[in-house]
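Residue numbers run from 1 in the order of the sequence given. Keep in mind that what you see is a predicted model, and the values were worked out from it rather than measured.
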Amino acid sequence: VPGGVTLHAYLSDESKLPQGLAPVHDALMKAIDAEKVAAAGKFSYSIEDPEANGGALAHKLEKEYGLRPQVAGLMNPHPFWFSLRLSGGGHSVPVTLPQGGGLDEAAFKRAILTAAKHLAPGFLHTIALVTPPAPKQMYPGMQPQGPQYTRLKAQLGKDARVIDAKLSSGHVPADTDVLMVMDPTNLG
C-alpha cells in the first residue's frame with residue numbers, strides 16, 4: 001500500500017474489558033509489535049478509547065462506520081470497545097476477526113494481512129459501489145429505514161476491495177474494475 005498502513009485499535013480501557021479478553025488484548029499487542037518490526041516503517045498504529053473525552057470518538061465511529069460497543073453476554077452486560085480498522089492509500093477497512101477460533105497472535109496477524117490486501121491497489125479487484133444517500137432518521141436513536149446495502153458490501157468485501165463511489169463529478173474512480181450502481185433514480 002503506497003505510504004504504508006495504520007491500524008486503528010478502538011479499545012476500552014483495560015479495566016473495562018471483560019476478564020476473558022485480557023489474553024486476547026495481549027495477543028493483539030504482540031501482533032502489533034511484530035507487524036511493526038516486520039513492516040520496516042510501513043506499519044503504524046494508534047490505540048484510542050472511544051469513551052474518553054465524553055465519548056466524542058464513539059459518536060464519530062458510530063456515525064462514520066456503524067461501530068458500537070459490544071457486550072460479553074447476558075451474564076456480563078457491561079459494554080466495551082474492541083474494534084479494529086486498517087487505513088492506507090486514502091481508504092479504511094475493518095479488520096475482521098476470525099469467528100469461533102482462537103484469537104492469538106497468529107490470528108491477529110492473519111486478520112491484519114487480510115485487511116491490508118483489501119487496501120493494496122491491484123491485489124484484489126476493486127468494486128466501486130454507488131448507493132443512494134442513507135435515509136434520514138425518523139427519531140433519534142432509531143435505525144434509518146430503507147436500503148443501506150450493508151449486507152451487499154460485506155459479501156462483496158470478502159473477495160474484493162469495495163469502495164464507495166460518488167459519480168457527481170462525472171468520473172468513475174480510476175482504480176475501479178467493476179462499477180455497481182444501486183438505485184440510480186437520483187443520478188443526473
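- To the nearest 0.5 angstrom, F43 atom CZ is 6.0 Å from I32 atom CD1.
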Distance-only criterion, 3.5 Å: show the donor-acceptor pairs between side-chain atoms of residues 159-166 and protein atoms not counting sequence neighbours.
residue : atom : partner : partner atom : Å
R161    : NE   : H118    : O            : 3.3
R161    : NH1  : D175    : OD2          : 3.3
R161    : NH2  : H91     : NE2          : 2.9
R161    : NH2  : D175    : OD2          : 2.9
D164    : OD1  : K153    : NZ           : 3.3

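- Checked against side chain to side chain donor-acceptor pair (under 3.5 Å), E62 has the following partners two or more places apart in sequence or in another chain: R68.
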Please evaluate residues T96 and T114 with respect to the criterion side chain to side chain contact (heavy atoms under 4.5 Å, CB included), reporting the C-alpha separation (whole Å), side-chain torsions for both, the decisive distance (0.1 Å), and the verdict.
CA-CA 8 Å; T96 305; T114 300; over 6 Å; no
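- Remark: S92 pairs with R85 by the side chain to side chain donor-acceptor pair (under 3.5 Å) rule, at least two apart or across chains.
- Pairing each heavy atom of H125 with each of D177, the nearest pair is CA-OD2, 3.1 Å.
- The side chain to side chain contact (heavy atoms under 4.5 Å, CB included) search around A106 returns D104, R110, not counting sequence neighbours.
- Atoms CZ and CG, from F82 and L21 in turn, are 6.0 Å apart once rounded to the nearest 0.5 Å.
- The two residues L61 and P50 have their closest heavy-atom pair at CD1-CG, 3.9 Å.
- Using a 4.5 Å cut-off between side-chain heavy atoms of Ile, Leu, Val, Met, Phe, Trp and Tyr, with links allowed through other members, V178 and L129 fall into the same hydrophobic cluster.
- Residues V71 and P77 approach most closely at CG1-O, 3.3 Å, considering heavy atoms.
- Sequence neighbours left out, not one pair with a member in residues 21-36 passes side-chain hydrogen bond (donor to acceptor under 3.5 Å, both in side chains).
- Atoms CD1 and CG, on I47 and L28 in that order, are 6.5 Å from each other to the nearest 0.5 Å.
- Shown here for L179 and V130, the closest heavy-atom pair between the two residues is CD1-CG2, 3.8 Å.
- At a threshold of 4.5 Å between non-hydrogen side-chain atoms, the residues T131 and D183 do not count as touching.
- Cluster annotation: L84 and V24 are assigned to the same hydrophobic cluster (Ile/Leu/Val/Met/Phe/Trp/Tyr, side-chain heavy-atom contacts under 4.5 Å, transitive).
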Enumerate donor-acceptor pairs with a distance under 3.5 Å from any side-chain N or O in residues 1-19 to protein atoms, sequence neighbours excluded.
residue : atom : partner : partner atom : Å
T6      : OG1  : S44     : OG           : 2.9
H8      : ND1  : S46     : OG           : 3.2
H8      : NE2  : S87     : OG           : 2.8
S12     : OG   : W81     : N            : 2.6
D13     : OD2  : S15     : N            : 3.1
D13     : OD2  : S15     : OG           : 2.5

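- Taken to the nearest 0.5 Å, the CZ atom of F108 stands 10.5 Å off from the CE atom of M29.
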